[in-house]
Amino acid sequence: MPIDPDFRAKRKKVGTHSGHDVWGPVNPPKELGIHGTSVAVDWDICNGDAICSEVCPVNVFDMVEVQGHPTSNRKSDPARESDCIKCLACETNCPTKAIRIEK
Amino acid sequence: MEMRDFDSPAKNTWCPGCNNFGILAAVKQVLAELVNSGEARPEEIVILSGVGCHGKISDYIRVNSFYCLHGRTVPPAMGIKVANQRLKIIAFSGDGDAYAEGISHVVHAARRNLNMTLVVHDNEVFALTTSQVTPTTKRGFRTKSAPKGSFEAPLNPLHLMLSCGATFVARGFSGDPRHLRSILMEAVRHRGFSFIDVIQECVTFNPIKEKYLPKIYDLNKEGHDVTNFSAAWERASEVERIPIGIFYRVERETYEKQLLGERILAEEKPIPSIKKALQEFI
Amino acid sequence: MQEVSLLIGGQAGDGMMRAAELIGRIFNRLGLYAFVINDYGSLIRGGHNFCKIRAADRQIWHHRESVELIAAVNQDTIARHQKELTGDGRVLYDEGAAKYEGPHEPLPIPLTTMVQEVGGISIMKNSAMIGAIASLYGVPLSVVEEVINRAYGEKAAKNIELVKRGYEFAAKNFKPILKVEPVKRDPTPLISGAESLALGAVKAGMKLYITYPMTPSTAILNYLGPAQDELGILLIHPENEIAVANMALGAAYAGVRTMVGTAGGGFALMQEAFSMAGQAEIPVVFVVGQRVAPAVGAPTYTAQADLKFLLNAGHGEFPRIAVAPGDPEEAFVKTGEAMNLAWKYQSPAIVLVDKHLLESYMSIGIDENKVAVEPPEFAMGQEEYRRYRFTASGVSPLAFPGQKGAVVKVTSYEHDEYGYAEETADGIQKMQEKRLRKLSSIILDLKGRETVKIHGDPAAENLVVAWGSTKGAILEAMSLVNRPLKFLQIIYLSPFPEWEVSRHLSKARDVLLVEGNLTGQLGSLITEQTGFRIKKAVLKNDGRPFDPVSLAEKIKEAFGWK
């Protein structure tokens with residue numbers, strides 16, 4: 001299932017991480033929520049294959065380690081969200097459709 | 001070096017979702033890898049591009065660049081290589097640029113085996129001029145210059161390059177950026193004329209990704225012999241399935257080695273006197 | 001006063017041009033000044049080729065229409081040219097290929113038989129002919145042998161034998177025309193404009209010549225091809241003129257002084273790249289050899305009708321350097337200068353020549369010290385490199401790819417100082433102004449160089465104005481007019497030296513324009529640049545250079561001296 005395009009209406013901000021918002025619910029290690037707002041990565045869908053960080057021409061993403069999550073133990077973190085130029089390379093190339101760019 | 005070391009200050013104006021972004025990222029990664037592996041110093045890399053959406057890549061990478069006239073990416077590349085064969089040359093062109101306006105140069109560079117890489121952003125349409133046919137536009141596709149649908153037979157770029165003597169012929173797909181990056185790296189490392197036709201969609205005028213995706217397969221995973229010309233030709237003829245990867249790769253003496261040996265023209269001083277030459281007219 | 005004027009003719013493929021060059025060389029070796037012109041059609045075999053050779057004991061600038069000797073290897077040559085013979089002229093011909101019964105003295109010689117006797121090939125007839133001609137002018141056989149040996153090297157033996165047979169036959173059977181006396185002077189080359197301009201470019205640092213064959217600039221290719229190793233340069237002949245010009249841009253961007261050669265039609269194909277050279281500020285020298293146009297025109301015949309085309313070529317506004325040498329010595333100096341100016345001001349330069357200058361040979365002194373590499377300004381220092389840095393002079397210091405720390409970005413788009421595309425009103429205007437500031441810098445530089453030449457009587461009130469290869473015919477005509485006459489030769493056409501031209505025009509009482517076109521292109525350029533309107537003109541566009549004798553008559557007529 002892809003990231004919910006209406007997550008901002010349906011979810012709540014529950015904290016921040018590396019300078020960006022985290023949208024709940026968050027119940028580690030099984031439930032990690034959505035990281036980022038304008039560049040949003042649903043960590044519960046992300047399979048950690050890092051294609052987003054490879055195709056991003058401006059290097060928005062860092063790959064971070066997590067433990068005990070059922071999908072993967074590596075997640076894409078929009079660490080430099082404000083650098084995003086909205087090219088959608090990550091969104092269009094994500095094999096699990098875990099990314100949503102605010103247009 | 002990292003890819004971000006090649007970030008340029010120019011504002012990117014490609015459409016959101018443009019496949020060029022993925023190509024741009026792949027190129028920056030390849031450049032970083034070239035530098036990190038010691039294969040080229042950053043100042044020894046020159047990129048060229050033509051005119052069209054793809055052409056802006058010259059502005060978007062902070063590296064030596066030659067932003068050419070429409071269709072003329074290959075001749076300046078040859079001039080640069082002849083002037084200083086130490087320079088690593090990667091040229092970008094569009095399907096209008098390489099196969100319409102500038103096709104003669106592409107043919108001859110392949111024939112000569114000039115040591116350079118040519119990447120053609122092939123989206124089967126003139127996009128920057130808001131949708132007209134190119135030589136690779138499929139039959140029936142409607143554009144402003146063919147409102148009833150194109151009736152011309154499209155060009156097969158791989159067949160063209162194989163018949164012209166290119167020593168590295170490949171096809172990439174912008175929908176598989178990881179694969180594209182790997183063949184780009186191979187192409188740049190190839191000693192001779194390396195050619196990649198990149199099938200890409202134009203998100204605005206020719207959104208083909210979803211249609212092409214199920215047909216795409218990597219021919220290098222199916223036991224294809226890259227040194228077999230006939231096999232390469234056969235694979236390049238396939239239409240039901242769309243092979244991507246390296247079709248053909250052989251070694252042949254390069255243009256600049258035959259022309260120059262080890263000479264670096266840009267570093268040679270002019271002869272101090274023409275006295276001897278003048279003597280011949282007396 | 002010694003004076004020699006002769007014609008040799010045959011079919012294309014008979015080797016007339018080579019033979020004429022060698023005859024010119026023989027006279028040059030004796031210390032005479034020679035001038036050799038060839039006239040040929042656009043074909044390889046058959047047709048009619050002829051050359052005129054003139055030699056004298058003083059500097060000469062042109063051939064003459066009339067000749068005292070026709071040397072023919074076929075019948076056609078005699079039929080076509082006998083009207084050009086002077087009253088006591090003679091006809092030397094191969095009796096195996098032609099007959100002559102006419103008013104002039106016939107000099108039959110069995111060239112065909114001679115070639116058969118030595119087991120040679122047909123083209124070797126020329127060697128026996130050269131021997132006979134040398135004998136008619138009293139040239140020592142040793143001088144002829146020396147020239148032939150040098151020209152043919154190891155293959156000279158049969159040719160030398162034929163030279164001897166021709167020489168001895170003529171000595172035995174014909175009355176000499178005259179006996180030329182050797183002239184003691186420093187030896188000068190007998191050189192064509194094509195050869196000398198190539199050498200000028202080499203002396204100014206040219207390392208790469210890129211060209212696509214097109215008459216008449218093919219003459220440059222034909223010289224530089226075999227000579228490239230000795231001259232330390234490289235010659236490339238790519239797929240078409242568009243490739244030629246764009247390759248040149250690439251090579252110059254990478255730091256190699258590059259020249260391209262073509263004719264009007266080829267330059268038409270290069271125009272977009274020419275405009276890019278202006279936009280991207282890449283120095284490339286374009287040699288354009290004029291021939292009869294429009295379109296393919298008459299490819300092997302001369303003209304001066306591309307001036308306005310070249311001065312207006314390329315879309316947009318940008319500085320260009322355009323220079324039109326009038327003889328091989330000027331071709332040497334001014335091509336070198338064009339290369340240096342192109343690099344100093346990072347602008348395209350045009351060397352505008354024509355078939356007559358490129359392919360005619362002339363004895364003329366060439367001082368190689370007149371041309372040297374003038375280094376442009378290079379970027380130094382630690383700050384981030386800006387290929388198009390704004391400066392007062394408009395010239396941005398150069399760097400080339402490969403230079404550590406410099407990112408060198410050139411572009412056909414309008415751009416900012418770093419070479420990134422620029423579309424803002426302010427950004428466009430600033431860069432347009434920056435490029436055009438170079439024009440003032442070039443003009444300032446040109447004020448210290450020779451942009452025009454004054455010939456004849458500098459105080460004369462009657463002024464002839466011309467450009468390019470008409471110089472030779474005009475200088476010869478002036479010596480025939482025998483009245484106080486001044487000749488203003490305009491060498492730089494862009495930037496136009498109005499500071500010089502205005503000065504000379506305002507001092508003249510009567511002005512005559514001489515040009516190889518029918519619309520007076522230099523005349524309208526002068527009007528545009530100085531406001532001065534030249535009302536009298538001698539114009540023609542028939543593919544042939546002016547004949548000094550008839551030009552002298554036209555000058556007299558124009559100035560009311562008849």
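Within every chain, numbering begins at 1; the chains are lettered A, B, ... in the order of the sequence lines, protein sequences first and strands thereafter.
Within residues 99-121 of chain B, the residues approaching chain C closer than 4.5 Å by heavy atoms are, in numerical order, B:S104, B:H105, B:H108, B:R112. Scanning residues 21-36 of chain C against chain B with a 4.5 Å non-hydrogen threshold yields C:R25, C:N28, C:R29, sorted by number.
Side-chain contact between C:M247 and B:V82 is absent, with no heavy-atom pair separated by less than 4.5 Å. With a 4.5 Å cut-off on side-chain heavy atoms, C:F332 and B:I274 count as touching. Two residues are said to be in side-chain contact when any heavy atoms from C-beta on lie closer than 4.5 Å; C:L249 and B:R72 fail this criterion. Contact annotation: the side chain of C:I191 approaches that of B:L278 to within less than 4.5 Å [non-hydrogen atoms, C-beta and beyond]. Using a 4.5 Å cut-off on side-chain heavy atoms (C-beta onward), B:E43 and C:Q403 make no contact. Contact annotation: the side chain of C:L199 approaches that of B:F281 to within less than 4.5 Å [non-hydrogen atoms, C-beta and beyond]. For the pair B:L259/C:I236, a side-chain contact is recorded, criterion being any heavy-atom separation below 4.5 Å from C-beta on. Looking at heavy atoms from C-beta onward, B:V46 lies in side-chain contact with C:Y253 at the 4.5 angstrom threshold.
Of the atoms belonging to B:E280, heavy atoms from both backbone and side chain fall under 4.5 Å from chain C. B:S49 does not touch chain C: none of its heavy atoms, backbone or side chain, sits under 4.5 Å away. Only the side chain of B:Y255 comes within less than 4.5 Å of a heavy atom of chain C; its backbone N, CA, C and O stay farther away. Both the backbone and the side chain of C:A243 come within contact range of chain B, with heavy atoms under 4.5 Å apart. Contacts of B:I61 with chain C are made by backbone atoms alone, with heavy-atom separations under 4.5 Å and no side-chain atom involved. Heavy atoms closer than 4.5 Å to chain C are found in both the backbone and the side chain of B:R62. Heavy-atom distances place the side chain of C:N240, and not its backbone, under 4.5 Å from chain B. For C:A204, no part lies near chain B; criterion is any non-hydrogen pair under 4.5 Å. The contact between C:V373 and chain B is made entirely by side chain atoms (from C-beta outward), counting heavy-atom distances below 4.5 Å. Contact of C:A248 with chain B is not made at all, since no heavy-atom distance falls under 4.5 Å.
Salt-bridge check for B:K275 with C:E368: failed, with every basic side-chain N at 4.0 Å or more from each acidic carboxylate O. Here B:E44 does not pair with C:K404 in a salt bridge; the nearest charged N to carboxylate O distance is not below 4.0 Å.
Residue C:L231 holds its CG atom at 5.0 Å from CD1 of B:I271, rounded to the nearest 0.5 Å. The structure places CD of C:Q279 at 9.5 Å from CG of B:L69, a figure rounded to the nearest 0.5 Å.
Summarising the local packing, CG of C:D186 is surrounded by 12 or fewer heavy atoms from other residues, nucleotides or ligands at distances under 6.0 Å. Within a 6.0 Å radius of CZ in C:R185, more than 12 heavy atoms belonging to other residues, nucleotides or ligands are found. For B:R191, the CZ atom sits in a loose shell: 12 or fewer heavy atoms of surrounding residues, nucleotides or ligands are nearer than 6.0 Å. Around CD of C:E423, the count of heavy atoms belonging to other residues, nucleotides or ligands within 6.0 Å does not exceed 12. Annotation: C:K370, atom NZ; neighbour count of heavy atoms from other residues, nucleotides and ligands within 6.0 Å does not exceed 12.
Minimum interatomic distance between C:N246 and B:P75 (heavy atoms only, all atoms of both residues): CB-CB, 3.6 Å. Contact record, C:V256 with B:A83: CG2-CB, 3.5 Å, taken as the closest heavy-atom pair.
No donor-acceptor pair closer than 3.5 Å links the side chain of B:K276 to the backbone N or O of C:E230.
Of the residues considered (B:L87, B:L48, B:V74, B:N84), B:L87 shows the highest number of contacts with chain C, using heavy-atom pairs under 4.5 Å. Between chain C and the options B:A277, B:A77, B:G55, heavy-atom pairs under 4.5 Å are most frequent for B:A277. If you tally non-hydrogen atom pairs under 4.5 Å between each of C:E195, C:R257, C:H415 and chain B, the highest count goes to C:E195. In terms of heavy-atom pairs under 4.5 angstrom with chain B, the leader among C:L208, C:I233, C:I242 is C:I242. Considering only heavy-atom pairs separated by less than 4.5 Å from chain C, the leading option among B:P42, B:S8, B:S65, B:S58 is B:S65. Put simply, of C:G405, C:A254, C:P401, the one with the most heavy-atom pairs under 4.5 Å next to chain B is C:P401. Put simply, of C:E272, C:K203, C:R387, the one with the most heavy-atom pairs under 4.5 Å next to chain B is C:E272. Ranked by heavy-atom pairs shorter than 4.5 Å toward chain C, the options B:A10, B:A266, B:S273, B:P272 are led by B:S273. Counting heavy-atom pairs closer than 4.5 Å to chain B, the top residue among C:K207, C:M206, C:E239 is C:E239.
Note: C:Y420 and B:Y67 fail the aromatic proximity criterion, with ring centroids not under 6.0 Å apart.
Exactly one residue among C:T411, C:I282, C:V408 makes a side-chain contact (heavy atoms from CB on, under 4.5 Å) with B:F66. That residue is C:I282.
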